[in-house]
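The next block holds one structure in the form of structure tokens; read it before the comments.
Remember, predicted model here, so these are calculated numbers, not experimental data.
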2 protein chains.
Amino acid sequence: MVGIKDVAKAAGVSISTVSRVLSNGEYVSDDVKERVHAAVEALQYRPNRVAQSLRSQKSQIIGLIVADIQNPFFTAVSRYVQDAAYENGISVFLCNTDEKADKESQYIDLMHEENVAGIILAPTHQSHSSINRIINLHIPVVVIDRQVENTSIDSVYIDNTAAAYKLTLHLLENGYRKISAIIGSGSTTGKLRYQGIIQALYENNIAADKFLLRFVNATLNEGYTSTLELLDSDNRPDALIATNGLLAAGAFRAFRERKISIPDEMGFACFDETIWTALMDPPITVISQPTQDLGRTAVELLLNKINDPSNAAREVMLKSTLIPRESTKRNGQEK
Amino acid sequence: MVGIKDVAKAAGVSISTVSRVLSNGEYVSDDVKERVHAAVEALQYRPNRVAQSLRSQKSQIIGLIVADIQNPFFTAVSRYVQDAAYENGISVFLCNTDEKADKESQYIDLMHEENVAGIILAPTHQSHSSINRIINLHIPVVVIDRQVENTSIDSVYIDNTAAAYKLTLHLLENGYRKISAIIGSGSTTGKLRYQGIIQALYENNIAADKFLLRFVNATLNEGYTSTLELLDSDNRPDALIATNGLLAAGAFRAFRERKISIPDEMGFACFDETIWTALMDPPITVISQPTQDLGRTAVELLLNKINDPSNAAREVMLKSTLIPRESTKRNGQEK
DNA sequence: CTGAAAGCGCTAACAA
DNA sequence: TTGTTAGCGCTTTCAG
């Protein structure tokens, strides 16, 4: 391993001079600068970030904690977080919690032990203690995909309630009345979306039906079985909303199996645009979330906080978009 | 920050004793052990991995370098790699190269600077120098998704050629003759799959047609435009193979747009099972790759190498599975 | 069985 | 403008 000492020797200077050249280059003569750079080049020297981190108590690593990278929403977000991090020479630890509190807290320990510069956290609804934990550890944090009551925390989220409201309204406008939803129970976004749905229902004088609005684990399988229950009941809805991509796939499978005709027999819409939603038969109406913006903004906020922890916390709300497609267009009925 | 010193003081022992208790616990009296553990508990002490890493020249971090986490194959693999890593108390850096050589090499530098314990690399076809680089840096590495000529490297890959052969045969057996393919050009798996395809063609006395077998960038858009070209030519194929999920989605979009009826007018199959493939209309025949096995095996091999670098390199080939569905079943024609 | 002491590779005062 | 020095928090000989 070639260390700063080797470079110093090769360049005929002291190690602190090398360090100086490599960090900012101030107060160093051009001559020395050149010699150092030449030596670095010749020896293929790369500073040891572990040593840097230990000594300076800073690091170039951030943690990204999400429920499941296979959830298309998080896949997209994590991609964009990584892009933004890469542009800043930062590495990212990716962690899947599966919405398990114990995994989440273990990962936070890990992040702490690795002395990460900051954490981007997509919390489950039980994450209150996790967030406090991170704060007590004095680790800069930005929370994504959720609004946090504690005003001193940076956060980026989308207009969940408004989006769900908009989507429900869209269904109503297309003639659907008996609207059901399968809602991810692990995340807080689920609750917010639920609120948007019942608000739209309420404003249109439709009584909320507990049976039709279901909180389930955000997995394909739960989406499937839950939809099946809905379909097989004598209280069958005429439209269904799935609050994420996994649930949507499960619901779709159930429709297939029961040979439900969409959009005539049943309207269908979901959250999260993926490469497949537009290609289904029929194409699915979705709420598209601004994942790229979300990822980049999260990194931006985090770096801000890291660079100056005294910076006031910011709260950024991003707008999602309704993409109307065939799956909610009742026969001939145009909006 | 609470350090080992604080624990030592609280337990009334020296720091080396604390270290000993925490590392293996050998040669320490039960009494002392208890006191140390109590102090650790009381102070909520967590060892600083950065210091550990610097001092011991080991680390608990591995790097995972893939082309694009949004490629469903890599999404799945990375999830399973992370699961396996988590079970071993290891963190993972995730890096997307977009198949760009410069990004790949920058990430390798980064991994080196962060002193990672090892790297799991899904190489592009230009990765030869990257691999050499990693080896020169003495970083344990396992290559996934590709067979490496250098026999001293651990690798896990699937039977790409055989899978493509099997898939092509399936198409032929279902009465398709003019078989085309859009093949990801960035990865080496593409070439292997190409070989499987032409082998099947050759054995069935079908002349290979350069026009029909195309190497393209593994993106949705290239899949789309390339398929469009195929469809609009006067040399239109009667079946298409897409060698990954992104290309498949692009192809499907093209079919939609040209209102191609599948499987009658055109047979269609692709690599990579996702939650959507079975839900399309018609359901798509796929080659399902053993992503979970791949991820876990990669971690296993890597840990082996890390624990004892003198271990002989192993090469593991995993079998993929053909899942026949409607998209390759010509009207009434049963295999 | 336990403690003292020497660093891992680097940064940041402080001197010169 | 440059070098000397003292650690960052921990592991690991080497004595005791």
Side-chain angles (χ1 to χ4, degrees), chain A residues 1-37 39-40 43-61 89 109-117 137-138, chain B residues 1-37 39-40 43-61 89 109-117 137-138:
Chain A
M1 130 135 296
V2 23
I4 199 171
K5 230 189 275 186
D6 306 289
V7 177
K9 195 173 295 171
V13 296
S14 73
I15 61 166
S16 42
T17 299
V18 176
S19 174
R20 229 173 270 128
V21 172
L22 264 32
S23 53
N24 47 44
E26 278 181 329
Y27 306 117
V28 186
S29 69
D30 290 351
D31 170 46
V32 168
K33 247 185 242 176
E34 263 174 48
R35 285 194 347 251
V36 169
H37 281 131
V40 165
L43 295 167
Q44 287 269 47
Y45 168 74
R46 309 257 81 210
N48 182 325
R49 288 195 184 211
V50 177
Q52 286 181 322
S53 171
L54 177 59
R55 173 58 232 230
S56 65
Q57 300 293 19
K58 297 188 207 314
S59 94
Q60 302 280 58
I61 305 174
D109 280 354
L110 213 61
M111 299 296 100
H112 175 213
E113 292 168 31
E114 295 285 9
N115 189 27
V116 297
L137 258 19
H138 302 292
Chain B
M1 129 135 296
V2 23
I4 200 173
K5 231 189 277 186
D6 306 289
V7 178
K9 197 173 296 171
V13 296
S14 73
I15 61 168
S16 38
T17 299
V18 176
S19 174
R20 228 174 271 125
V21 172
L22 264 33
S23 53
N24 47 45
E26 279 182 327
Y27 306 117
V28 185
S29 69
D30 290 350
D31 170 46
V32 168
K33 248 185 241 176
E34 263 174 47
R35 284 192 351 249
V36 169
H37 281 131
V40 166
L43 295 167
Q44 287 268 47
Y45 168 74
R46 310 258 77 210
N48 182 325
R49 288 195 183 211
V50 177
Q52 287 181 320
S53 171
L54 178 59
R55 173 58 235 230
S56 64
Q57 299 294 19
K58 297 189 208 315
S59 95
Q60 304 280 59
I61 304 174
D109 281 353
L110 213 60
M111 300 296 101
H112 175 213
E113 292 169 30
E114 295 285 10
N115 190 27
V116 298
L137 258 19
H138 302 291

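Atoms CG (A/Asn48) and C1' (C/dC8) sit 9 Å apart, rounded to a whole Å. In this structure, B/Glu114 places its CD atom 13 Å from P of C/dC10, rounding to the nearest Å. Rounded to an integer number of Å, the gap from A/Leu54 CG to D/dG7 P is 14 Å. Distance, A/Arg55 CZ to C/dG9 C1': 11 Å, rounded to whole Å. For the pair A/Leu22 CG and C/dC10 P, the computed distance is 9 Å after rounding to whole Å. Atom CG in B/Asn115 sits roughly 15 Å away from atom P in D/dT11 (whole-Å rounding).
Atoms CZ and CD1, on B/Arg20 and B/Ile15 in that order, are 10.5 Å from each other to the nearest 0.5 Å.
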N/O donor to acceptor pairs below 3.5 angstrom from side-chain atoms of residues 1-14 of chain A, sequence neighbours left out:
residue, atom, partner, partner atom, Å
A/Asp6, OD2, A/Gly3, N, 2.6
A/Ser14, OG, A/Ser16, OG, 3.0
A/Ser14, OG, A/Thr17, N, 3.4
A/Ser14, OG, A/Thr17, OG1, 3.2

Show the numbers, then the answer: is there a side-chain contact (heavy atoms from CB on, under 4.5 Å) between A/Glu113 and B/Gln52? CA-CA 10 Å; A/Glu113 292 168 31; B/Gln52 287 181 320; 5.8 Å; no
Should B/Val36 and B/Val40 be marked as a side-chain contact (heavy atoms from CB on, under 4.5 Å) after you check the CA-CA gap, both sets of side-chain angles, and the distance that decides it? CA-CA 6 Å; B/Val36 169; B/Val40 166; 4.3 Å; yes
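Checking B/Gln57 against B/Arg20, the closest nucleotide of DNA chain C that is more toward the 5' end is the one next to B/Arg20.
Within residues 2-18 of chain B, the residues having any heavy atom closer than 4.0 Å to DNA chain D are, in order of number, B/Gly3, B/Ile4, B/Ile15, B/Ser16. If you check residues 24-36 of chain B against DNA chain C, the residues with a heavy atom closer than 4.0 Å are B/Tyr27, B/Val28, B/Ser29, B/Val32, listed by number.
Counting only heavy atoms from C-beta outward, the side chains of A/Leu110 and B/Arg49 approach each other to under 4.5 Å.
Contact annotation: A/Gln52 does not reach the phosphate of D/dC8 (side-chain N/O to OP1 or OP2, under 4.0 Å). OP1 and OP2 of C/dT11 both lie 4.0 Å or more from every side-chain N or O belonging to A/Ser56.
The side-chain contact (heavy atoms from CB on, under 4.5 Å) with A/Ser53 is formed by just one residue from the set A/Ile61, A/Asn48, A/Asn115; it is A/Asn115.
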